[in-house]
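A short worksheet on the structure shown next.
Throughout, residue positions are numbered sequentially from 1 according to the sequence presented.
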Amino acid sequence: MRLFDPHIHMTSRTTDDYEAMHTAGIRAVVEPSFWLGQPRTSVASFLDYFDSLLGWEPFRAAQHGIAHHCTLALNPKEANDPRCVAVLDELPRYLVKDQVVAVGEIGYDSMTPAEDTALAAQLQLAAAHELPALVHTPHRDKLAGLRRTLDVVRESALPPDHVLVDHLNETTVKEAKDSGCWLGFSVYPDTKMDEERMVAILREYGPEQVLVNSAADWGRSDPLKTRRVADLMLAEGFDADDVDLVLWRNPVAFYGLSGRLDLDITTPEATHEGNSILRGAPKDSDGPAGAPRQRHDPAGAPATGA
């Protein structure tokens with residue numbers, strides 16, 4: 001089984017998660033830029049973050065056989081902070097990078113005028129750079145937020161079939177589907193969707209243009225939710241082709257609209273900016289008890305501490 005998590009925040013996760021994801025069948029991820037849980041105080045902190053999504057995270061993912069791409073944007077929550085809005089002026093030079101497969105997350109948090117402006121501006125950036133857009137629907141007043149989102153999409157130069165409307169649920173799925181946008185669902189342990197609700201929606205609305213993600217981040221979340229949905233789909237009578245459509249071919253088709261999606265996994269360089277990730281030296285089971293051996297990374301270079 002091959003799986004693609006199209007929305008996961010790996011900068012918040014550990015290498016143990018990468019290992020577990022690969023074991024579960026996840027071979028590709030897209031990491032949208034998002035709010036880090038604490039307000040940023042300058043544009044410079046965004047740029048450092050963007051650089052990490054373009055360099056450090058693809059390096060970490062490749063260590064575990066997972067292809068990593070990202071989406072970049074000014075997120076809805078921080079669109080309300082005047083200290084952050086100038087990042088919109090910096091985005092164009094980042095949106096030309098090969099690893100960037102969409103503009104996102106954009107959309108609404110509190111549905112303010114500042115969020116209206118940021119959403120419209122970034123939809124235009126997506127159209128200008130011939131990229132799709134990943135849109136975050138608000139956690140509160142979801143139906144009103146969806147309708148406001150779709151109004152702005154219709155007014156933009158970006159066609160609906162280049163827009164993924166995420167964090168949908170039972171109250172928003174029909175209108176989102178009728179709009180012609182792609183449909184995104186985040187499956188969480190306690191909030192948003194769960195596996196059972198997700199499978200029920202697939203049964204009612206079908207698997208076409210549906211993307212299922214874990215949206216795993218620094219909160220209570222589960223980076224294996226894509227696999228759990230796949231397993232439940234099979235248990236509930238969907239066939240392997242349905243699973244492959246929802247959890248592989250659909251995300252490949254949507255992010256492939258960028259022309260930049262590269263799913264080949266190549267052996268990474270020994271280090272990234274002087275850091276190999278590896279730490280310490282595990283015991284050599286073939287040597288004397290307790291005798292350490294030098295650990296090497298996949299490229300064959302000795303591990304370094306950083």
Quick one: does [X]'s side chain get under 4.5 Å of [Y]'s, heavy atoms only?
X	Y	answer
V165	E175	no
E195	V187	yes
D241	R249	yes
F34	T71	no
Q124	V103	no

Within the side chain of Q122, is there an N or O that forms a donor-acceptor pair under 3.5 Å with the backbone of I106?
-> no

S110 backbone acceptor or donor facing E115 side chain under 3.5 Å = yes

Does anything in [range] pair up under ring pair (Phe, Tyr, Trp, His ring centres under 6.0 Å), and if so which pairs, sequence neighbours excluded?
range	result
residues 93-115	F50-Y94
residues 119-138	H136-H139, H136-H167
residues 171-201	W182-F254

C181 and D161: CA distance, side-chain angles, deciding distance, side-chain contact (heavy atoms from CB on, under 4.5 Å) verdict | CA-CA 5 Å; C181 293; D161 63 2; over 6 Å; no

Considering non-hydrogen atoms only, spot the tightest contact between [X] and [Y] and give its length.
X	Y	result
P58	S52	CD-O, 4.1 Å
A176	L168	CB-CD1, 3.8 Å
T11	E57	CA-OE2, 3.5 Å
H68	Q99	O-NE2, 2.5 Å
L53	L72	CD1-CD2, 3.9 Å

dist D244:CG -> M233:CE (nearest 0.5 Å) comes out at 10.0 Å

State the CE-OG1 distance between M10 and T15, to the nearest 0.5 angstrom.
-> 9.0 Å

Thinking salt bridges, do R147 and D151 make one under a 4.0 Å N-O criterion?
-> no

Not counting sequence neighbours, which residues clear side-chain hydrogen bond (donor to acceptor under 3.5 Å, both in side chains) with T172? List them please.
-> N169

If you look only at pairs with a residue in residues 253-265, which of them pass as a salt bridge (charged side-chain N to carboxylate O under 4.0 Å, His left out), with sequence neighbours excluded?
-> none

If you look only at pairs with a residue in residues 3-18, which of them pass as a salt bridge (charged side-chain N to carboxylate O under 4.0 Å, His left out), with sequence neighbours excluded?
-> R13-D17

Same cluster (ILVMFWY, side-chain, under 4.5 Å), L3 and I265 = no

In terms of hydrophobic clustering (I, L, V, M, F, W, Y; side-chain heavy atoms under 4.5 Å; direct or indirect links), are W35 and V43 co-clustered?
-> yes

Crowding at NZ, K177 (>12 non-hydrogen neighbours, <6.0 Å) = yes

Within 6.0 Å of CG in D141, more than 12 heavy atoms from elsewhere | no

